[in-house]
Number of protein chains: 2
Amino acid sequence: MATIREVAKLAGVSVATVSRVMNKNGYINDKTKEKVEAAIKELDYRPNDVARTLFKGTSKMIALFVPDIMNPFFPKLARAVEDTANKSGYTFILCNTDNDQEKEMKYLHTLLQKTIGGVVMVSSSIPLETLNKVNVPIVALDREIADMISVTVNNRTGAIEAVRHLQETGCKRIAHISGPEDTTSAVERKKGYLEAVGQENWFSEEYLIPGEYTFDGAYQATKELIKKHPEIDGIFAANDLMGVGVLKAAEALDLRVPEDLSVIGYDGIELGEITTPALTTMGQPIYEIGKRAAEIIIDRMENNQKEFASEQYNVQLIHRQSTK
Amino acid sequence: MATIREVAKLAGVSVATVSRVMNKNGYINDKTKEKVEAAIKELDYRPNDVARTLFKGTSKMIALFVPDIMNPFFPKLARAVEDTANKSGYTFILCNTDNDQEKEMKYLHTLLQKTIGGVVMVSSSIPLETLNKVNVPIVALDREIADMISVTVNNRTGAIEAVRHLQETGCKRIAHISGPEDTTSAVERKKGYLEAVGQENWFSEEYLIPGEYTFDGAYQATKELIKKHPEIDGIFAANDLMGVGVLKAAEALDLRVPEDLSVIGYDGIELGEITTPALTTMGQPIYEIGKRAAEIIIDRMENNQKEFASEQYNVQLIHRQSTK
DNA sequence: TTGTACGCGTTATCAT
DNA sequence: ATGATAACGCGTACAA
């Protein structure tokens, strides 16, 4: 790779001049500009981004922390962040955290040492004081982190709508398989469920069981739930991955869906279209929120004076085959 | 972030000494070492990786080029590469290429400007001369790229095995939905299919139709295929995503699987476990090959004198419900 | 309008 | 055993 010095020599000018034409800074004679551009072209010169970064003190890189890219909710989110980052000339770094604090801290420090520009975080177990001490813009995505700027969907009201849909399509006894307690989206969805049916006279605490946002968790949970409470005729799973787990458990239990058991999920990932029956769900604008989070981060990096606010998007019922 | 100079000042030594204790280079008095370490700890000093990279001329970053992380085959591969990279202290950069040459070239140059350490590539439309000119270790993963070092599975023999399985379970007329012609894995799988049944007297070119490795492609292909050739009783889809597409098409066509139509896929992604019926497939060690590709890249970066060779892994029949 | 020289934070070489 | 300093490649005051 050619350096700025080589270009300067070939063009018969100083490095400063080359730098100026590269960055369109200051005044330059048209004639010398041409010479320089010719030299740049001839050598296929591309400025060394590392040197640039060192000088500027910040790099055009943006990182995304997700629990696990193998969870089918995240690829689209990652894609959205990457696309948006690229559009503004940023490089995209993906970090799988496994919700492991040690891993997250290690990542954060590694990135800091690379003078990362900004971080989009889906969840974080990093202590708030660390997060605040760190001099890098951070935006929370999908889940809130304390009082940081976040891009989320309206989980509580979406959950209420999900339960209402179950009721409107004839369900009398509705259970909820919830997500992790330390995840705001899961907590909000559970709140919505409780708000919708917590006061019903049939309601029981036993209708509320944790599934940890995983397929297996929901599968097991459903089996136990139905064994104990065969009267259940509707299940609201806090995410689609669990919704699919419920579907498979129903299959194993020889329960017809939606005749014997109605199922609704949350997220609207493509997986839900592929099951038989296809999963009814509350669809969120996944790509959209990922894109917005990236845009906000980039805005904050380039435009530090502006005021930023959290954003909340709406979810929408997608009626497929797992409810009547 | 504290710099090495601040540490030096606090410890009352020169920056060279600090550098030495950081890198465990040269001789250092135990006493001064202690002083320096104390200062490092006190300031929570972490060397600036950008400066380091600038000096060394290469960075501890490894990139993975995939067509699209939203394709369910890739998350596990990405995860494998990232895990392996991290284990050796490398940072992971994900690049979605969409099989778009322009995008790939842009990525490559961006990364080069960051003095990327190595690149793992799933497919590439980058001209070979560019690839060769570039002074960065590259390994091809999942698909071959000319004569570069690659980590793949045995696609041809796996395909033969898949077709044999269909035959052994009673299929008499077996069609193949193939992947992209410019993708070596797809070409090899098609070769295997042809090798297995191309000489049968019932064989017809019309049994061989392209599905582009996509769900929709396979869905449409299946519908047309069955309409034209209702005698088909077995389909070998060149990947699982298409296998699932076949399953859904069969459902739409009111065909029972496997009674009326047997289906086998390729890859062994988790998606195939979730459909009803679950998809029989040729499972490849996805995580394993991703890991190996990363290991090889890292080896090449750290150990340039060694000789490296391509590796090929075996696939294994996973018999689920879509075949008898 | 252009060039010189310094600084960004490290590491490695050469003295001491 | 330790320190001073050049060098990595770039951008920008400041001088010319």
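Sequence lines set the chain letters: A, B, ... in the order given, protein chains first and strands last, and positions in each chain run from 1.
- A:T53 comes within 4.0 angstrom of nothing in the nucleic acid, heavy atoms only.
- No N or O donor and acceptor, one from the side chain of B:R46 and one from the base of C:dG9, sit under 3.5 Å apart.
- Comparing C:dT1, C:dG3, D:dC10 against the side chain of A:Y45 picks out D:dC10 as the nearest.
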Which donor-acceptor pairs under 3.5 Å do the side chains of residues 15-25 of chain A make with protein atoms, sequence neighbours left out?
residue : atom : partner : partner atom : Å
A:T17   : OG1  : A:S14   : OG           : 3.4
A:S19   : OG   : A:N23   : ND2          : 3.3
A:N23   : OD1  : A:R52   : NH2          : 3.0
A:N23   : ND2  : A:S19   : O            : 2.8

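- Nearest nucleotide to the B:R20 side chain, out of C:dT13, D:dC10, C:dT10: C:dT13.
- Proximity of B:T17 to the phosphate of D:dG3: a side-chain N or O atom is located under 4.0 Å from OP1 or OP2.
- Within 4.0 Å of A:L54, counting heavy atoms only, lies at least one base atom of the nucleic acid.
- Each of B:A51 and B:V15 was assigned the nucleotide of DNA chain D with the nearest heavy atom; the assignment lying further toward the 5' end belongs to B:V15.
- B:V122 has its side chain out of reach of B:F65: every pair of non-hydrogen atoms, C-beta onward, lies at least 4.5 Å apart.
- The side chain of A:I4 has D:dG11 as its nearest neighbour among D:dT2, C:dA12, D:dG11.
- Among all heavy-atom pairs drawn from B:Y313 and B:V151, the shortest one is CE1-CG1, 4.0 Å.
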Practice item. Show your reasoning for whether salt bridge (Lys or Arg N to Asp or Glu O under 4.0 Å) applies to B:R79 and B:D83. Key: CA-CA 6 Å; B:R79 186 66 214 250; B:D83 287 350; 3.0 Å; yes
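- Within the nucleic acid shown, B:V50 has no heavy atom closer than 4.0 Å to any nucleic acid atom.
- Residue A:N25 places no side-chain N or O under 4.0 Å from the OP1 or OP2 atom of D:dG11.
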Using atom types as modelled, flag every donor-acceptor pair under 3.5 Å from a side chain in residues 26-38 of chain B to any protein atom, sequence neighbours excluded.
residue : atom : partner : partner atom : Å
B:N29   : OD1  : B:K31   : N            : 2.6
B:T32   : OG1  : B:N29   : O            : 2.8

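- Taking the side chain as every heavy atom from C-beta outward, B:V139 and B:M121 never approach each other to under 4.5 Å.
- Distance CG (A:L43) to C1' (D:dG9): 15 Å, rounded to an integer number of Å.
- Between D:dT2 and B:T32, a contact under 4.0 Å exists linking OP1 or OP2 to a side-chain N or O.
- Mapping A:R5 and B:K31 onto DNA chain D by nearest heavy atom places B:K31 closer to the 5' end of the strand.
- Remark on the helix from C:dT1-D:dA16 to C:dT16-D:dA1: inter-end axis angle 50°, axes from five-pair C1' superpositions, rounded to 10°.
- Taking side-chain N and O atoms only, B:N23 has a distance below 4.0 Å to OP1 or OP2 of C:dT11.
- Classification of B:K103 and B:D98 as a salt-bridged pair holds, one side-chain N sitting under 4.0 Å from a carboxylate O.
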